[in-house]
Amino acid sequence: MAPNEETQQFIRQHTDDDVRQLALRRTVPAGVDLPTALRQIEGRQTARRKLPSWAAIDGIVYPPHLNLEQCSSESTARYKADLCRRLTGGGGRLVDLTGGLGVDTAFMAEVFECAVYVERDEHLCELARTNLPLACTVPVEVVCADGTDYLQRADRSALIFIDPSRRDNHGGRTYALADCSPNVVPLVGELLRRADHVMLKLSPMLDWRKAVADVGRQHVSQVHIVAAGGECKELLLVLQPQADAFTLVCADTVTGMTYHVADNNEAGFPLPCQAPARGMFLYEPHAAVMKAGCFAALSRDFGVSPLAPNSHLFLSAEVLQSPSFPGRRFLIEAVTTLNKHTLKATLGHLRQANISVRNFPLSAQALRHRLKLADGGPHYIFATTLADNSHVLLLCQKEY
């Protein structure tokens, strides 16, 4: 599975080179497997961005590009490892029933005394046998088997992790929990009999409330909506035999912001809507909070007023004290309508700006074309609809 010595030497010599240019070489040194070398060079370059600690390890063997793009990032894998530590306190055994490339296995295993990686794809198992001893200090047993079959004979473990495939037999994406492979719904009882804790990794496209209902509300103790760099990446459900209530956590692994939702049932009402004005602070929730849809609780917990019922932007007259709002904060410099003369007076000095639209009739691209602004720079424009259904543009400076 690992490249031969000549190929490995070629990889080391060209690790920073353009793969497309390397592919055009007419000759290569004797013994070099060029297709393998190109895949490994491209894989390491991708890993520097997505899995920096793996990229620093000489000898890691990378899969084709698509497999690497679909695996967990290092930041989300570390988040799951930290969650494992909080759940179990460390020690015992981890069983990953859907091992895949082994990224989640490698990071989570460090919390335990030992781990079992289960995967039915023999090629991925071969990669795991090479990579896991390099990437992980804890002994990991690699088992080539169907995870559902292995579950029936598994010894009790501290934690079982399962990440069902979200693609059907034709490669298309599936969004219903019951359509994933394996279907975890009928496995919940067996999973809970075989482990002290069960963690399900699900698609961020799933409705988290329906996912909780599908696996059994009485079994869900924690729901984690995990974002990275402004994009929602994962939905994690933590199961136990009997849970009276569950905790909802919205987390961004890049900024480190987390929001433990005080009232995930959204009972009661948010603060009244407020119109924006110069000098006020504008708050934009991060992607995990947006996915959770817990806007009433967010308004109450931080004392911020919604700009409008469906804009999902919030305001405060004074800067918030600790804790920080789970998202970005902006200072409003000006508020303008779409009136031609008002726009020119307010935005005429700009040549570029970052544009976002929320509950607005134009797309960001269409608005950028209308305003004749290039992308980027220190200024931010939020285009949105107020509670009275009027359309406005908010010119802002980002604070964090």
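Since the structure is predicted, the reported quantities are computational estimates derived from the model, not experimental observations.
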Q: Listed by chain and number, what are the side-chain contact (heavy atoms from CB on, under 4.5 Å) partners of Ala292, not counting sequence neighbours?
A: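 Testing Ala292 for side-chain contact (heavy atoms from CB on, under 4.5 Å), a comparison that skips the adjacent residues, returns Trp208, Ile225, Leu248, Cys250, Cys294.
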
Q: Please examine the side chains of Pro276 and Leu282, heavy atoms only from C-beta on, and report whether any two atoms are closer than 4.5 Å.
A: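 With C-beta onward as the side chain, the pair stays apart.
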
Q: For a 4.5 angstrom cut-off between non-hydrogen side-chain atoms, does Phe10 reach Thr36?
A: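 No. Closest side-chain heavy atoms not under 4.5 Å.
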
Q: Counting only heavy atoms not in Glu318 (residues, nucleotides, ligands), do more than 12 fall under 6.0 Å from its CD?
A: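 Not buried by this count: 12 neighbours or fewer within 6.0 Å.
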
Q: Are any side-chain N or O atoms of Ser72 and backbone N or O atoms of Val103, one a donor and one an acceptor, separated by less than 3.5 Å?
A: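 Side chain of Ser72 to backbone of Val103, a donor-acceptor pair under 3.5 Å: no, none is there.
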
Q: My understanding is that only residues two or more places apart in sequence, or in another chain, count here; which of them pass side-chain contact (heavy atoms from CB on, under 4.5 Å) with Asn339?
A: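 Partners of Asn339 by the side-chain contact (heavy atoms from CB on, under 4.5 Å) criterion, ordered by chain and then number, come out as Thr337, His341, Thr342.
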
Q: For salt bridge (Lys or Arg N to Asp or Glu O under 4.0 Å), just list the numbers for Arg120 and Asp149, CA-CA rounded to whole Å, side-chain angles, deciding distance to a tenth of an Å, and then say yes or no.
A: CA-CA 10 Å; Arg120 62 184 178 183; Asp149 293 340; over 6 Å; no

Q: Are any of the side-chain nitrogens in Asp82 or Arg78 under 4.0 Å away from the carboxylate oxygens of its partner?
A: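 Looking at Arg78 together with Asp82, the answer is no, because their closest N to O distance does not fall below 4.0 Å.
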
Q: In the structure I gave you, are the side-chain heavy atoms of Thr98 and Pro182 within less than 4.5 Å of one another anywhere?
A: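 Touching, per the 4.5 Å side-chain cut-off.
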
Q: If you apply the rule side chain to side chain contact (heavy atoms under 4.5 Å, CB included), what do you find for Val116 with Val140, and how did you get there?
A: CA-CA 5 Å; Val116 180; Val140 181; over 6 Å; no

Q: Test your reading of the model: is there a side-chain donor-acceptor pair from Arg93 to the backbone of Asp155, 3.5 Å cut-off?
A: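 Yes.
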
Q: Taking the side chain as C-beta and beyond, is there a heavy-atom pair between Ile355 and Leu371 under 4.5 Å?
A: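 With C-beta onward as the side chain, the pair touches.
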
Q: With a 3.5 Å cut-off and no angle check, do the side chains of Arg12 and Gln8 form a donor-acceptor pair?
A: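 The criterion, which ignores hydrogens and geometry beyond distance, is satisfied for Gln8 and Arg12.
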
Q: I'd like to check Leu394 versus Arg358 (side-chain heavy atoms, cut-off strictly below 4.5 Å). Are they in contact?
A: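 No, their side chains stay 4.5 Å or more apart.
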
Q: Going by the rule side chain to side chain donor-acceptor pair (under 3.5 Å), which residues pair with Arg193 if we only count those two or more places apart in sequence or in a different chain?
A: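 By the side chain to side chain donor-acceptor pair (under 3.5 Å) rule, Arg193 matches Glu190.
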
Q: What pairs of residues pass the salt bridge (charged side-chain N to carboxylate O under 4.0 Å, His left out) test when at least one of them lies in residues 248-262, not counting sequence neighbours?
A: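 Listed once each, the pairs would be none.
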
Q: At what distance, to the nearest 0.5 angstrom, does CD of Glu284 lie from SG of Cys396?
A: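 Separation between the atoms: 10.0 Å.
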
Q: Who passes side chain to side chain donor-acceptor pair (under 3.5 Å) against Asp196, sequence neighbours left out?
A: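 Side chain to side chain donor-acceptor pair (under 3.5 Å) check on Asp196 returns Arg156.
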
Q: Quick one: do Arg25 and His14 satisfy side chain to side chain contact (heavy atoms under 4.5 Å, CB included)? Show the steps, please.
A: CA-CA 12 Å; Arg25 291 175 63 114; His14 299 280; 3.6 Å; yes

Q: Taking the side chain as everything from C-beta on, heavy atoms only, tell me whether Val61 gets closer than 4.5 Å to Gln40.
A: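 Side-chain contact under 4.5 Å: yes.
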
Q: Counting C-beta onward and ignoring hydrogens, is there a side-chain heavy-atom pair between Pro326 and Thr258 closer than 4.5 Å?
A: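 Of all side-chain heavy-atom pairs linking Thr258 with Pro326, none is under 4.5 Å.
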
Q: Distance check, rounded to the nearest 0.5 Å: Thr336 atom OG1 versus Lys344 atom NZ?
A: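 If we round to the nearest 0.5 Å, Thr336:OG1 and Lys344:NZ are 13.5 Å apart.
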
Q: Arg39: which residues meet the side chain to side chain donor-acceptor pair (under 3.5 Å) condition with it, sequence neighbours left out?
A: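 So Arg39 forms no side chain to side chain donor-acceptor pair (under 3.5 Å) with any residue.
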
Q: Show your working on side chain to side chain contact (heavy atoms under 4.5 Å, CB included) between His286 and Arg328 and close with a plain yes or no.
A: CA-CA 7 Å; His286 67 56; Arg328 300 192 296 177; over 6 Å; no

Q: Which residues pass the side-chain contact (heavy atoms from CB on, under 4.5 Å) test with Cys144, sequence neighbours left out?
A: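 Scan of Cys144 (side-chain contact (heavy atoms from CB on, under 4.5 Å), adjacent residues dropped) gives Glu122, Cys125, Arg129.
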
Q: Establish, from distance only, whether the side-chain atoms of Asp33 and Thr7 form a donor-acceptor pair under 3.5 Å.
A: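 No, because no side-chain N or O of Asp33 sits under 3.5 Å from a partner of the opposite role on Thr7.
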
Q: Is the backbone N or O of Leu239 less than 3.5 Å from a side-chain atom of Ser221, with the two atoms forming a donor-acceptor pair by type?
A: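 Not a single qualifying donor-acceptor pair exists.
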
Q: Can you confirm whether Arg278 is buried at CZ, in the sense that more than 12 heavy atoms of other residues, nucleotides or ligands lie under 6.0 Å from that atom?
A: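 Check fails, neighbour count at 12 or below.
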
Q: Between Tyr283 (side chain) and Pro306 (backbone), is there a donor-acceptor pair under 3.5 Å?
A: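 Looks like no, no N/O pair under 3.5 Å.
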
Q: Please confirm whether the backbone N or O of Val32 pairs with a side-chain atom of Glu6, one donor and one acceptor, at under 3.5 Å?
A: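 No, because the side chain of Glu6 does not come within donor-acceptor range (under 3.5 Å) of the backbone of Val32.
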
Q: Looking at Leu22, is its backbone amide N or carbonyl O close enough to the side chain of Asp17 to form a donor-acceptor pair, meaning the two atoms are under 3.5 Å apart?
A: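 Here the side-chain-to-backbone pair does not exist.
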
Q: Is Met108 isolated, or which residues cluster with it under the ILVMFWY side-chain rule of less than 4.5 Å, directly or via members?
A: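 Other cluster members: Tyr79, Leu83, Leu87, Leu94, Val111, Phe112, Leu159, Phe161, Met199, Val226, Leu236, Val238, Val249.
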
Q: I'd like to check the side-chain contact (heavy atoms from CB on, under 4.5 Å) partners of Glu69; sequence neighbours left out, ordered by chain and number.
A: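 Testing Glu69 for side-chain contact (heavy atoms from CB on, under 4.5 Å), a comparison that skips the adjacent residues, returns Thr46, Arg49, His65.
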
Q: Which residue pairs pass the ring-ring contact (aromatic ring centres under 6.0 Å, His included) test with at least one member in residues 358-381, sequence neighbours excluded?
A: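 Passing the test, one end in residues 358-381: Phe330-Tyr380, Phe360-His391.
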
Q: Report yes or no: does Arg351 contribute a side-chain atom to a donor-acceptor pair with the main-chain N or O of Leu373 at less than 3.5 Å?
A: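 No.
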
Q: Just by modelled atom types, is the Ser53 backbone N or O under 3.5 Å from a matching donor or acceptor in the Glu74 side chain?
A: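 Yes: the side chain of Glu74 pairs with the backbone of Ser53.
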
Q: I need the full list of salt bridge (charged side-chain N to carboxylate O under 4.0 Å, His left out) pairs touching residues 222-251, with sequence neighbours left out, sorted by first then second residue.
A: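 Sorted pair list: Lys80-Glu234, Lys201-Glu234, Glu231-Lys233.
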
Q: Quick one: salt bridge (charged side-chain N to carboxylate O under 4.0 Å, His left out) partners of Arg329, sequence neighbours excluded?
A: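 Here the qualifying residues are Glu399.
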
Q: Keeping Ser390 on the side-chain end and Leu386 on the backbone end, is there a donor-acceptor pair under 3.5 Å?
A: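 No, Ser390 side chain to Leu386 backbone: no donor-acceptor pair under 3.5 Å.
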
Q: Between the main-chain N or O of Val304 and the side-chain N or O of Ser316, is there a donor-acceptor pair closer than 3.5 Å?
A: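 Not at all, since once roles are kept as given, no pair shorter than 3.5 Å links the two residues.
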
